[in-house]
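One structure below.
Letters A, B, ... are given to chains in the order of the sequence lines, protein chains preceding strands, and every chain is numbered from 1. Fair warning: this is a prediction, and the values are worked out from it, not measured in the lab.
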Amino acid sequence: MSTTSQISVEKSKPFSIAKRSFPENKCILSIPIPRLSQCHIPLLLSRAIVSGLFLKLPLVHSVLRSLSLGPVPSLSLSFLSLLRHSGYLTLDNYSLNIALSATARLPSVSVGAQLHSLTVKLGLVSDTFVLNSLINMYSSCSYPTTARLVLDSAPQGACDTVSWNTIIAGYLRGGMPNKALQAFGQMAKEQVRLDDVTLLNALVASGRTGTVMVGRLCHALVILNGIQISSYMGSSLISMYAKCGLAENARKVFDGMYERNVVCWTSMISGYTQLGSFKEAVELFRDMQISGMKADDATIATVVSSCAQMGALDLGRYVHAYCDVHGLGKELAVKNSLIDMYSKCGDIKKAYEIFCGLTKRDVFSWTTMIMGFAVNGLCGQALDLFAQMEEEGEVMPNEVTFLGVLTSCSHGGLIEQGYHHFQRMSMVYNLAPRIEHYGCMVDLLGRAKLLALAEQFIKEMPIAPDVVVWRSLLFACRACGEVGYAEYVAERILELEPKKFEGHVLLSNVYATTSRWVDVNKLRTSMDGNRMSKQPGCSFIEVDGCVHEFFAGDESHVETEAIYNILLGINELLVAESLLI
DNA sequence: CTAGGGTTAG
C-alpha cells in the first residue's frame, strides 16, 4: 500500500517539466503548492504529459494529493481524469483514495457516489484506506447514514479504528449525537481497538447528549491508558463536563492542564456561560488576557453572550472595543452576539445599527434582531423585520425565529397574527411546533384574557403541556380572577414537579387569594417536612461598569431590597418568580 | 482515512 511517507523518501535524478528544472524530487514535494497558483500546476503537468514527457509516479501522486487538499479540490479530480484518459495512470487504491478525499470536500455527494461504484467495480472496498476514505466522503457530504451502510456492508476485517472514528465524527457533524454514542457503544462491544480520537469523539457525544456516565467513563479511560491531556483532549473534557452541568469538574480539568491553547480557554469560558455563571465567564476572560493568551472570535462570541445575559452594557462595550483594538469580531457569530448584547441591554438603536451594517445575515442575525425588538416592546418592528426576512428569502426561519415572532405577537396582543404565524410555521416552513411554541400561544391567549380559548388550545395540543404552559395559564387565571380554575392548574404544576419549590408556592398563592389559610399552612408545613429548599433567585446589576451578583434573600447584601426595587423598575424580566414570595 | 471551543430560545 502506498503512503505519503514512501513518496517523500523517494529520490531521483533531476528532471524537468517544460523549462523549469528541479534539483530533485524531494524539492518539488516540499514546494508549498497552495502558495503557487494551484490552477497552473495541472496545466503545467498536462502540457508536459501531452508533449510526451514521462513523470515519475510519486510526483504525480504528490501533486494529486496537494490539489485534493487545496482550495479547489475538484482540480485534483480533473487532473486525475486527464491522467487516466491519456493512459498515464490506472486507478489503484492509492489514487482512488486521493480522489475520494477530494470529493469529500465537494458540496455535492454525486461525484463521490460515482467513485463509490467505481470502487466496487474495481474490487477495492476491502482496502482499509479506500474504505475509510469512502466512509469519510459520505460523512463529510452530510450522509452519515450512508457512511454507516458502507461500514456495515464492508468485508470482514476491512474496518478498523479509523473507520469507526469516522462514523462517529460523521454522526456528530450531522447533529446526531445519540447515534454517535450508540456507535461508540457498538465499537466497544465488537472489541474494536479504541484510540484517543475515539475517546475525544465519544466525549463530544456525551456532552451533546448530556450523558455524564459515558463522559466520566471516557475520562477514566483517558487516565487509565495514560493518554496525555492535549489541548484537543482537554477542551473536549472541559466541554463535556460543562455541558453535563459539572462546572467544577470542568474547571479541575482546565486547572490541571499542562498547556492550554485558546480553544481550552474558550471551552471553559463558554462552559460558564452555558451554565449561567456569567461572572465566572468574564473573570476567566480577564485571567486569559493576564496570562497573555490571545482571544479569538469564538472567545469573544461567548464572552459577549455572558455580558448580554448579565445585562452588563459597559462590560459589553468594553469587549466590543477590545475586538476593534485586536482586529477581532469580523465573524458573523461575534456580530450576532453583539446585536443580542446591545438589545438585551436596552440599546436597541445600537443593535439595529449593527444589524443594518451586516453584509451577510444568517438565521441567527434575523432571529436575534426580531427577538431584540420583541423584548424591547417594539412588536411592530419585530414583525416588520420578519416580513422583510421572508421577502428577501435568502435565509429560512427556524423554530427559534418563530419563537421570536410568536413572542412579538403575544407581547403586542396581536392574536390573529399569532394564530396566523403559528399555522404558517408548519404549513409553509414545515417546522413542527415544539412545546415552547405552544407555550407562546397559551401566553398569547392568556395575556388577552381569553381563558376559555387558552384552555381549549391546551386540550387540543398534540404534546403534553409542561410547567411553563400551565404557568402561562395560571397567570391568565389570576388576571381573570378565576380562582377555582387556578387551583386546578396549580395542582397540575405540582403534579409535574412534586419535588420542586415552585408548584407549592403557586398553589399556596392561590389558596392565599381565597383566604384559605389552613390549606396554606398545611402546604407550607409539608414543604418544610420535605426539606424543600428553593433555588435562590439570582440577579445581576451593573454599577459603574462593575457587575454585582446577588441572590434574593441574601442577608449579606445590605442593599438587596433596594437593588431589588431598582430591578423591578429596570427590567421585568429580571424578576424571578421566587423573589415574589 | 478520523479529532476540540463560539452567536438566537416561551
Nearest-nucleotide pick for A/Asp466, side chain only, options being B/dG5, B/dG10, B/dT8
B/dG10
Are the charged groups of A/Glu283 and A/Arg286 less than 4.0 angstrom apart, N to O?
no
Starting at CG of A/Asn165 and ending at P of B/dG4, how long is that distance when rounded to a whole Å?
11 Å
May I ask you to say what A/Ser235 touches in the nucleic acid, namely base, sugar-phosphate or nothing, with a heavy-atom cut-off under 4.0 Å?
base
Is any side-chain N or O of A/Asp296 under 3.5 Å from a base N or O of B/dG6, one able to act as donor and the other as acceptor?
no
If you check every side-chain atom of A/Ala169, which of B/dC1, B/dA3, B/dG5 has the closest atom?
B/dA3
Name the nucleic acid region contacted by A/Val130, choosing base, sugar-phosphate or nothing; use a 4.0 angstrom heavy-atom cut-off, strictly under.
nothing
Quiz question: going by heavy-atom distance under 3.5 Å, is there a donor-acceptor pair between the base of B/dG6 and the side chain of A/Thr302?
no
Any N or O donor-acceptor pair under 3.5 Å from the base of B/dA3 to the side chain of A/Arg173?
no
Cation-pi check, A/Arg260 onto A/Phe254 ring (under 6.0 Å, within 45° of axis)
yes
Report yes or no: is there a donor-acceptor pair, N or O only, under 3.5 Å between the side chain of A/Asn201 and the base of B/dG4?
no
Give a yes or no on whether a donor-acceptor pair under 3.5 Å exists between the nucleobase atoms of B/dG5, that is its base, and the side chain of A/Ser267.
no
